Novice: 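Provided herewith is a single structure, encoded as structure tokens, for subsequent inquiry.
Note that the structure is predicted; figures quoted are calculated from it, not measured. Here is the naming used below: chain letters follow the sequence lines, and residue numbers restart at 1 for every chain.
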Amino acid sequence: MNESLPFEPSPVLFAEVLIPLALPRNFTWALPPELQDKAMPGMRVEVVLGRNKKYAGIIKKLHDKKPAAFDPKPVLNLLDETPILHAQQLLFWEWMAHYYLCSEGEVMQAALPTHFKLSSETILLFNDAAGEDFSHLDDEEFVVAEALLIKKELRITEVQQLLDASHVYPVIQRLLEKKVCLVWEELKQTYKEKKETFILLHPQYNTDEKLADLLNNWTAKAPKQLELLLAYLHLEKTEGEVTKSALLSKSGASADQLKGLVSKAILLEEKRTVDRLKSLPANVSINFTLTPAQETALAQLQDQFSQKAVCLLQGVTSSGKTLLYIRLMEEALRNGKQVLYMLPEIALTAQVIRRLREHFGGHIVIYHSKFNANERVELWHKVKSGEAKIVLGARSSVFLPFRDLGLVIVDEEHDSSFKQQDPAPRYNGRDAAVFLASLYQAKVLLGSATPSLESWYNVKQGKYGLAQLTERYAGIDMPQIGIVDTTGLRQADKSRVILSPALEEAITQTLQKNKQVILFQNRRGYSPYQVCQSCGWIPHCKHCDVSLTFHKLHNKLVCHYCGTIYPPVVICEACGNHDFQQQNFGTERIEESLVERFPHAKVARMDIDAIKGKHAHDALIQLFEQQRIDILVGTQMVVKGLDFDHVQLVGILDADAIMGFADFRVNERAFQLMEQVSGRSGRKGEQGLVLVQTRNPRHPVLAWVKAHDFETFAQAEMSSRQQFGYPPFTRLIQLSFKHKTADVVQAAARQFAAWMTPNFGAYLVGPAAPVVNRVRNQYIMDLLIKLPRDLHLLQQCKDQIQLLTAHLHQQPPFKSVIVTPDIDPI
DNA sequence: AGCACGCCGACT
DNA sequence: GTCGGCGTGCTC
């Protein structure tokens with residue numbers, strides 16, 4: 001019966017496991033017989049890596065090929081009974097690691113909620129073999145040894161409580177040497193279900209009669225308890241169920257009074273597991289009609305989706321793109337599919353959420369950076385089971401384990417915040433979403449008023465479908481744009497002008513009409529700093545090649561690159577003078593001068609410094625919506641995801657700061673930004689006005705913005721991109737080399753470039769030192785590669801980069817040079 | 001990412 | 001003479 005047949009599948013013996021680390025390749029563990037028929041890809045396993053470090057890894061593959069080069073260690077445990085993700089996630093992670101040149105472990109690290117990752121905790125075990133003779137121990141060692149003898153094991157935190165927390169490690173070290181104890185690592189499950197105590201009426205009063213009996217015969221004693229009981233009965237009637245905390249806070253009773261009722265067996269306490277994500281009724285209400293223009297666009301999209309996986313919806317600001325999204329989402333829902341709606345984090349405002357909740361209620365879940373780890377685990381499960389139908393989230397929501405994804409919407413698709421900059425994986429959420437969708441045969445809708453040139457190119461190539469909305473909703477005109485030439489204008493103190501007379505006049509008029517004003521200030525290059533009045537010296541960071549930003553609120557200097565905080569400078573390091581001034585050209589300074597000039601207007605500031613936490617942001621938006629603020633000054637935040645009905649005037653205070661960057665995307669960014677900003681002006685009722693202050697009024701971008709002419713802009717920009725060999729006509733890869741010695745990075749980068757030259761010499765730019773050439777005491781060199789659009793060449797180049805990086809690390813002088821590839825840098 | 005091993009400087 | 005710094009390499 002059980003003889004082995006020649007074609008019988010061999011038993012699965014090994015598991016390729018992903019570990020949340022930047023390992024160069026995936027590792028393999030052996031599955032002990034008792035786990036072999038339970039293990040499945042996507043389940044977490046407990047494994048030991050190295051001496052005794054434990055990790056929760058994820059099984060990627062099961063196989064029976066014994067590795068030749070090493071003897072795999074055994075998997076200790078299966079941590080899940082069912083996989084925590086779908087097969088698509090593993091494929092998605094693999095693609096991302098390959099495409100963005102990082103390890104699958106790094107992708108896993110970014111993808112999984114922290115509580116799935118489990119941290120290991122060091123445990124001290126008593127070594128029975130050492131015996132109980134502690135005479136050779138000093139006082140502190142003795143204390144720990146005694147405790148260990150009794151408890152047999154201690155965690156580090158417990159040892160810290162036993163001793164003076166400052167020096168537990170040396171003591172543990174000595175105990176280890178004297179063999180009194182052993183260490184072991186234990187995996188700690190950090191996800192905790194949320195429990196809440198509910199209050200119930202004791203079953204002995206389960207009929208009205210018995211209850212009435214109890215109330216009628218209440219003794220004169222304990223009137224407070226009677227009061228509490230009545231409060232309970234009221235709450236129970238109105239809310240259905242009563243939690244302990246709600247009862248106590250609403251009745252104002254004390255915990256002791258409740259305890260009294262419980263001990264008399266009148267009320268009962270019961271602990272129940274509850275859901276952290278409050279659920280709303282899950283009904284769909286689509287109760288609006290589309291304009292003819294919207295209907296046409298919707299039909300176009302539906303038509304194109306029959307042939308194309310990705311469509312672009314280009315619609316001018318307030319053309320009602322969201323209504324089309326809602327229609328498509330509803331359609332996906334009707335087909336039993338899930339929807340991922342991605343937008344830039346900063347645009348994920350209460351206003352946007354409220355608007356979608358109106359239509360989809362409890363079908364929508366939100367995923368953003370303010371979520372805590374426990375909430376993320378619960379959301380993960382809801383998405384995996386398919387219970388959550390629509391996910392509204394930022395970049396990282398592409399990692400959620402969709403069961404049956406039917407539609408992905410990437411709103412504000414051009415936004416650069418979809419690209420993750422710092423820790424690997426340096427992925428673009430929009431592009432990753434397109435790939436993810438392909439795994440589910442789902443459709444992707446990219447939406448923007450000012451599409452990225454990459455997406456526009458894909459439309460022109462026929463790869464993406466297109467629908468356009470060229471007029472604003474409800475027949476509002478596009479705002480009128482005025483260019484204010486500030487050349488020659490100077491403030492009394494000779495500093496650059498903040499408010500031109502023209503803008504001041506426009507503000508006055510707008511305020512007179514009881515309308516609101518938004519003033520936009522690009523933050524870059526406008527951070528407050530300290531400067532010596534005698535010699536112009538500016539304090540710099542000790543570890544980075546940047547000047548320090550002055551934070552007025554905390555009266556501190558801060559390095560925005562490494563985060564180091566310094567006290568304000570009093571003595572100039574260059575000339576010894578004591579004459580320091582704070583230059584603050586930021587929104588703060590603008591706010592000050594507005595208050596001065598418009599003393600009766602209510603002015604508020606919205607930037608990272610003024611907004612602490614999401615709630616302050618939402619609160620400020622509400623105040624502005626309710627017209628309790630007249631003038632709102634801010635950075636990017638004021639233009640994303642917000643619609644205000646009474647804004648009549650938008651001022652762009654310094655367009656030169658937007659247009660003056662030395663980077664090939666300046667024009668694209670400038671156009672996008674100004675178009676987005678001006679879109680805030682003129683909603684209900686009349687046409688809005690936008691005033692752009694510049695010293696370069698003939699800049700071509702301004703003309704396109706003035707005409708709201710995306711297509712002409714795109715055409716012009718495309719031809720210059722083509723001419724200079726930039727995306728979308730090429731693919732970029734940026735390599736950063738970092739090392740603590742300037743000469744070493746330089747040599748390494750040059751060496752690397754020299755090795756690349758035979759195959760890719762024509763495409764290299766640099767190596768060169770970036771503008772900020774030292775961060776955290778590491779010198780930096782950048783090498784840019786501009787590849788023609790050719791998938792084979794791209795792959796070849798990536799392979800070559802990985803090979804040469806390994807090769808570089810074999811050269812003794814370059815061993816510790818860090819090489820970071822950035823694919824499709826922004 | 002940890003962690004151990006190993007080779008050079010500032011102390012008992 | 002030793003303690004300890006961190007540079008380097010390895011972990012299935």
Novice: Would you mind reading off the distance between A/L23 atom CG and C/dG9 atom C1', rounded to a whole angstrom?
Specialist: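 For the pair A/L23 CG and C/dG9 C1', the rounded distance is 13 Å.
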
Novice: Please report the distance, rounded to the nearest Å, between CE in A/M108 and P in B/dA1.
Specialist: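 Spelled out: CE on A/M108 to P on B/dA1 is 15 Å.
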
Novice: Once you apply a heavy-atom cut-off of 4.0 Å, does A/P72 come out as touching a base, just sugar-phosphate, or nothing?
Specialist: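 Here A/P72 touches the backbone only, sparing every base.
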
Novice: Write down the distance between NE2 (A/H809) and C1' (C/dC10), rounded to a whole number of angstrom.
Specialist: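 After rounding, the gap between these two atoms is 15 Å.
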
Novice: Figure out the CG/C1' separation between A/L21 and B/dC3, and round it to whole Å.
Specialist: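 A/L21 atom CG is separated from B/dC3 atom C1' by 12 Å.
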
Novice: Looking only at side-chain N and O atoms, does A/Y55 come under 4.0 Å of OP1 or OP2 in B/dG2?
Specialist: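 For B/dG2, OP1 or OP2 has a side-chain N or O of A/Y55 closer than 4.0 Å.
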
Novice: Base, sugar-phosphate or nothing for A/V17? Non-hydrogen atoms, less than 4.0 Å.
Specialist: nothing

Novice: For a quick test of reading the model: is some side-chain N or O of A/K73 closer than 4.0 Å to OP1 or OP2 of C/dC12?
Specialist: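 Yes, within the criterion.
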
Novice: Salt bridge or not between A/E378 and A/K194? Use side-chain N to carboxylate O under 4.0 Å.
Specialist: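 No, this pair does not count.
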
Novice: Determine, using ring centers only, whether A/F399 and A/Y427 are less than 6.0 Å apart.
Specialist: yes

Novice: B/dA1 P sits how many Å from A/R25 CZ, rounded?
Specialist: 19 Å

Novice: Taking only Lys NZ, Arg NE, NH1 and NH2, and the carboxylate oxygens of Asp or Glu, determine whether A/R426 and A/D422 approach each other closer than 4.0 Å.
Specialist: yes

Novice: Using only heavy-atom distances, determine whether the side chains of A/T741 and A/D743 contain a donor-acceptor pair under 3.5 Å.
Specialist: no

Novice: Counting the atoms with a prime plus P, OP1 and OP2 as sugar-phosphate, which does A/S816 contact under 4.0 Å by heavy atoms, base, sugar-phosphate, or nothing?
Specialist: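 Sugar-phosphate, no base atom in range.
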
Novice: The side chain of A/K740 lies closest to which of these nucleotides: B/dA1, C/dC12, C/dG7?
Specialist: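 Of all the options, the side chain of A/K740 is nearest to C/dG7.
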
Novice: Would you give me the side-chain donor-acceptor pairs under 3.5 Å for residues 80-87 of chain A, sequence neighbours excluded?
Specialist:
from  : atom 1 : to     : atom 2 : distance (Å)
A/D80 : OD1    : A/R44  : NE     : 3.3
A/D80 : OD1    : A/R44  : NH2    : 2.9
A/D80 : OD2    : A/R44  : N      : 2.8
A/D80 : OD2    : A/R44  : NE     : 2.8
A/H86 : NE2    : A/K384 : O      : 3.1

Novice: Nearest-Å distance, NZ (A/K53) to C1' (B/dA4)?
Specialist: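 A/K53 atom NZ is separated from B/dA4 atom C1' by 14 Å.
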
Novice: Rounded to the nearest angstrom, tell me the gap between atom CG in A/D71 and atom P in C/dC10.
Specialist: 19 Å

Novice: Figure out the CD1/P separation between A/I818 and C/dG9, and round it to whole Å.
Specialist: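 About 14 Å, once rounded to whole Å.
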
